[in-house]
**Q** 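Structure incoming, see below.
Labels below follow one simple rule: chain letters A, B, ... track the order of the sequence lines, proteins then strands, and each chain is numbered from 1.
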Number of protein chains: 2
Amino acid sequence: MEEAAALLKQKGLKVTPQRLAILNLLRNTKEHPTAETIYKKLASDFPTMSLATVYKTLEVLKNIGLIQELNVGEGSFRYDANTNSHPHLVCLGCGKVEDLDESVLQNLIEEVKKHTDYKLVEQKLYFYGYCPACQKKLSN
Amino acid sequence: MEEAAALLKQKGLKVTPQRLAILNLLRNTKEHPTAETIYKKLASDFPTMSLATVYKTLEVLKNIGLIQELNVGEGSFRYDANTNSHPHLVCLGCGKVEDLDESVLQNLIEEVKKHTDYKLVEQKLYFYGYCPACQKKLSN
DNA sequence: CTATCTGCAAATGTTTTGCATGTCC
DNA sequence: GGACATGCAAAACATTTGCAGATAG
């Protein structure tokens, strides 16, 4: 059995088609979609699924650590199957959200540790700027 | 005249008691309050002020660069009269939000620049952990 | 005097909740 | 069969908007 299904069972949660579909969608995209986006993308395969189910499922998946919730500052959350709390790069031109390397993160954390007494647990890091394509558009 | 008042006028905006009160409150606290918190704190001095006015004022102050909006990931925004996009340190124990130095920020940005083609404009950086006081409580 | 603000109430958009029905195991 | 999930509609929030009356300049 797949580990996601196994993990759900182990927590006393049921393995439903909706849960697997949402998790797979997140695992197969680099887009960091919102609940609404996920709902629309799955509408053709699951015409009867409600938005409430998407939210409830995202909550469950988040709680068992299979996905993470991102807050880029847009008024709605985005979701990511990469659960490392890695830094994100948000393009102010086209709105896309990319990932930065785990190795970069380690260097950032080291720098912060030098300057604080806090015991660091996690972080949410968003860098905003213009991607190469949008830079080109702007200079035209 | 104070520079805040001057800046408002220069932008064709009016200098009202509500605007000054909200700005002063933000300047005299390190708490990074939410709109709701600001509203309650000013209720005694401005009993007739509405929450909508707080929001509209925060929007105005943000637009002219006198304050910044923070999104710590709580479902509501916090506001800060320190307009450097400096990193924040959030205590998971007591919920307080502290600032990290501008100098730390420069080092963090340098590190990210090494690893991306994006033209960086700003950033929102939140590190979560336990402050010294909360660490002590936990170890008891 | 007139453009801009304020305060109220209603609207909006996202997310959550309650509950009856359906489904996994 | 029984616990847990789903789907619907309604509720709950934070935030925004429209507009009539108030106020700054």
**Q** Could you check if a side-chain atom of B/Asp80 sits within less than 4.5 angstrom of a side-chain atom of B/Ile67, using non-hydrogen atoms only?
**A** no

**Q** Does OP1 or OP2 of C/dG7 have a side-chain N or O of B/Thr48 closer than 4.0 Å?
**A** yes

**Q** Would you kindly give the CE-to-P distance between A/Met49 and C/dT21, to the nearest whole Å?
**A** 22 Å

**Q** Can you tell me how far P of C/dT4 sits from NZ of B/Lys9, to the nearest Å?
**A** 15 Å

**Q** What is the 5' to 3' range of DNA chain D, first to last nucleotide, that sits under 4.0 Å from any heavy atom of chain B?
**A** D/dA14 to D/dG25

**Q** How many whole angstroms separate atom CG of B/Leu13 from atom C1' of C/dT6?
**A** 14 Å

**Q** Can you check whether B/Thr16 has a side-chain N or O nearer than 4.0 Å to OP1 or OP2 of C/dT6?
**A** yes

**Q** Using 30° and 60° as the class boundaries, would you call the ring planes of A/His88 and A/His32 parallel, tilted or perpendicular?
**A** perpendicular

**Q** To the nearest Å, give me how far apart CG (A/Leu51) and P (C/dG13) are.
**A** 14 Å

**Q** Report yes if a side-chain nitrogen or oxygen of B/Gln18 is closer than 4.0 Å to either non-bridging phosphate oxygen (OP1 or OP2) of C/dG7; otherwise report no.
**A** yes

**Q** What pairs of residues pass the salt bridge (Lys or Arg N to Asp or Glu O under 4.0 Å) test when at least one of them lies in residues 114-140 of chain A, not counting sequence neighbours?
**A** A/Glu111-A/Lys114

**Q** So if I take residues 52-67 of chain B and measure heavy-atom distances to DNA chain C, which residues fall below 4.0 Å?
**A** B/Ala52, B/Thr53, B/Lys56

**Q** When the distance from CG of A/Leu70 to P of C/dT15 is rounded to whole Å, what number comes out?
**A** 12 Å

